[in-house]
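These notes are about the structure you will find just below.
Side chains are part of it too, since the values below use all heavy atoms of this structure and drop only hydrogens, waters and symmetry mates.
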Amino acid sequence: VAAKGEINLQNKPANGASPNPNTGAPLKEINFYTVFSHPAPAEDPTPSASGVTPSVAVKRNSDGTITLTWTGILDSADTLNGVFSAVTGSSPLTLQAAGFARFYRAH
């Protein structure tokens, strides 16, 4: 979180800004930052809007093909920063493992 304003070093906003030790004027900063962390982080329990948690699983088969299994909508692109478009077909999808690179994402 980034903000602009006065700083209270005692964490008591009702007391106003702490005095600058050099000038006695209210302690003001152009920018200051706060980092929040949780002592026991956990997965977000909020369900997705569609009710489906997207996922992608990749399996290399003994015949050299690759099987993609997914939930949600699967997109693909030629490059990581490329334009992604929806994959036609349904899960699972078996692909040849040779010849080109492809990037996938589920949402």
By side-chain contact (heavy atoms from CB on, under 4.5 Å), which residues pair with R102, not counting sequence neighbours?
S76, D78, F100, Y104

Pairs touching residues 61-73 that satisfy salt bridge (charged side-chain N to carboxylate O under 4.0 Å, His left out), sequence neighbours left out:
none

R105 side chain near V56 side chain, heavy-atom distance below 4.5 Å:
no

Any non-hydrogen side-chain atom of L95 less than 4.5 Å from a side-chain atom of L68?
yes

Heavy-atom side-chain proximity of T69 to K59 below 4.5 angstrom
no

Quick check: is V58 connected to W70 through a chain of hydrophobic side chains (ILVMFWY, heavy atoms under 4.5 Å apart)?
yes

Distance-only side-chain donor-acceptor flag, T65 / T94, under 3.5 Å:
no

Enumerate, atom names and distances included, each donor-acceptor pair closer than 3.5 Å involving a side-chain atom of residues 81-88, sequence neighbours excluded.
none

